[in-house]
Amino acid sequence: MTVSIVVVSHSEKIADGAVELAAQMAPDVVILPAGGTDDGRIGTSLEKVLAALEKAGGQAGGGTSGQAGGDGAGATGTVVLTDLGSAVMTAESALEFLENPAGVLLADAPLVEGLVAAAVAAQGGADVHAVLKAAEGVRGPAREPERGGAGAEHEPVSSAPPDFTGDFELVNQAGMHARPAAKVAGGLASLDAEVTINGVDGASMTGLMTLGAGKGTVLHVEAWGADAERAVEYVGGLVEAGFGEP
């Protein structure tokens with residue numbers, strides 16, 4: 001894997017827990033926590049964030065008990081997720097001390113859902129910009145990709161027929177729970193397509209979980225945009241394989 005992730009939180013427990021959760025979805029991705037102050041209080045630490053960024057970027061060797069999936073050596077980019085505004089300021093300050101901050105991107109995304117989506121995208125081999133897009137893609141309504149043709153930029157995607165569709169029956173015992181939802185949302189968020197699954201945003205982990213789709217449920221997938229066909233095939237492949245579950 002080439003893209004690493006750093007989690008900056010005011011709470012050491014939140015950072016560690018978020019990393020533990022994301023590591024379940026993306027075991028090969030380097031994910032480093034930087035939570036709390038140096039003396040264990042609620043707050044942020046410039047030193048902790050800087051150390052995590054340096055390790056994630058391969059500027060410092062060795063492992064750490066708080067990381068998932070390796071030591072960060074050879075990483076070609078790092079995505080940073082934060083919990084609150086002052087954590088963003090701490091992360092921005094840390095960038096000023098890095099020798100090469102160009103490969104570090106700050107995500108404007110909800111911490112947990114954005115982290116899971118980013119981790120899944122990185123696990124799939126996405127580059128740093130696609131991982132950032134996956135994290136930020138979990139926010140708000142579905143994105144509207146560019147469409148060709150005169151006046152197309154004024155036409156809402158939802159009013160146009162989908163470019164590709166597919167219907168796939170859930171075969172795994174647990175249906176659309178957190179892990180499958182993360183795999184679907186993380187992969188779709190990195191594609192140039194707007195995708196709905198049974199009417200909800202396919203790039204939203206939370207939206208997919210609200211479907212309450214159990215085994216035997218048919219997922220109707222509609223997709224618009226340059227990667228529409230790829231998006232439908234991606235969802236279909238995951239569903240037909242049972243998301244790698246019984």
Side-chain angles (χ1 to χ4, degrees), residues 1-10 14-35 44-46 48-60 64 66-140 143 182-192 203-206:
M1 294 300 144
T2 58
V3 177
S4 54
I5 301 172
V6 170
V7 178
V8 182
S9 172
H10 284 69
I14 288 177
D16 290 344
V19 168
E20 182 181 9
L21 174 64
Q24 297 297 310
M25 318 290 180
D28 300 318
V29 178
V30 175
I31 310 174
L32 299 168
T44 57
S45 164
L46 177 62
K48 277 191 173 186
V49 176
L50 184 58
L53 289 174
E54 289 178 337
K55 186 173 291 296
Q59 297 181 34
T64 174
Q67 75 180 59
D71 62 8
T76 59
T78 301
V79 173
V80 181
L81 288 105
T82 59
D83 60 356
L84 298 172
S86 56
V88 176
M89 292 188 290
T90 302
E92 290 174 339
S93 297
L95 293 183
E96 297 178 4
F97 291 91
L98 294 178
E99 293 182 9
N100 180 26
V104 181
L105 305 179
L106 302 183
D108 179 12
L111 179 62
V112 176
E113 189 176 4
L115 171 61
V116 170
V120 170
Q123 177 74 22
D127 64 23
V128 67
H129 295 286
V131 172
L132 177 72
K133 181 180 178 182
E136 296 184 338
V138 304
R139 292 186 295 108
R143 301 169 313 287
K183 288 183 176 181
V184 172
L188 292 180
S190 64
L191 298 180
D192 182 14
S204 169
M205 177 182 171
T206 301

_Exercise: identify the closest heavy-atom pair between Val120 and Gly187_ = CG1-N, 4.2 Å
*Taking only residues two or more places apart in sequence or in another chain, which ones pass side-chain hydrogen bond (donor to acceptor under 3.5 Å, both in side chains) with Ser93?*
none
_Shortest non-hydrogen contact from Val128 toward Val3_ = N-CG2, 3.5 Å
_Residues Val8, Val80; criterion side-chain contact (heavy atoms from CB on, under 4.5 Å); working and verdict_ = CA-CA 7 Å; Val8 182; Val80 181; 3.8 Å; yes
*Indicate the atoms forming the closest heavy-atom contact of Ala182 with Val116, along with that distance.*
CB-CG1, 3.2 Å
*asked:* As a quick check of understanding, evaluate side-chain contact (heavy atoms from CB on, under 4.5 Å) for Lys55 and Ser4, giving each step before the final call.
replied: CA-CA 10 Å; Lys55 186 173 291 296; Ser4 54; over 6 Å; no
*To the nearest 0.5 angstrom, please state how far the CG atom of Leu53 sits from the CG atom of Asn100.*
12.0 Å
*Can you name the closest pair of heavy atoms from Ala126 and Val131 and give their distance?*
O-CG2, 3.8 Å
*Side-chain contact test, heavy atoms from C-beta onward, threshold under 4.5 Å: evaluate it for Glu92 versus Thr82 and give yes or no.*
no
*asked:* Using a 3.5 Å distance criterion without hydrogens, assess whether the side chain of Gln123 forms a donor-acceptor pair with backbone atoms of Asp28.
replied: yes
*Compare every heavy atom of Ala107 with every heavy atom of Leu81, then report the nearest pair and how far apart it is.*
CG-CB, 4.1 Å
*Side chain of Glu136, backbone of Asp108: donor and acceptor closer than 3.5 Å?*
yes
*asked:* Can you give me the closest heavy-atom contact between Ala56 and Val6, atom names plus distance?
replied: CB-CG2, 3.9 Å
_Leu115 vs Ile31 side-chain heavy atoms within contact, under 4.5 Å_ = yes
*Measure the spacing between OG1 of Thr76 and CG of Asp127 and express it to the nearest 0.5 Å.*
8.0 Å
*Mind checking whether Leu111 and Val7 have side chains closer than 4.5 Å, heavy atoms only?*
yes
_Suppose we screen for side-chain hydrogen bond (donor to acceptor under 3.5 Å, both in side chains). Which residues come up paired with Ser9, at least two apart in sequence or across chains?_
Asp83
*asked:* Rounded at 0.5 Å granularity, tell me how far CG in Leu188 sits from CE in Met205.
replied: 13.5 Å
*Nearest-0.5 Å distance that lies between atom CG in Leu50 and atom CG in Leu98*: 5.5 Å
Anything under 3.5 Å between a donor and an acceptor, one on a side chain of residues 19-27, the other on a protein residue two or more places apart or in another chain? List them.
none

*asked:* I need the Leu95 CG to Leu105 CG distance, nearest 0.5 Å.
replied: 9.5 Å
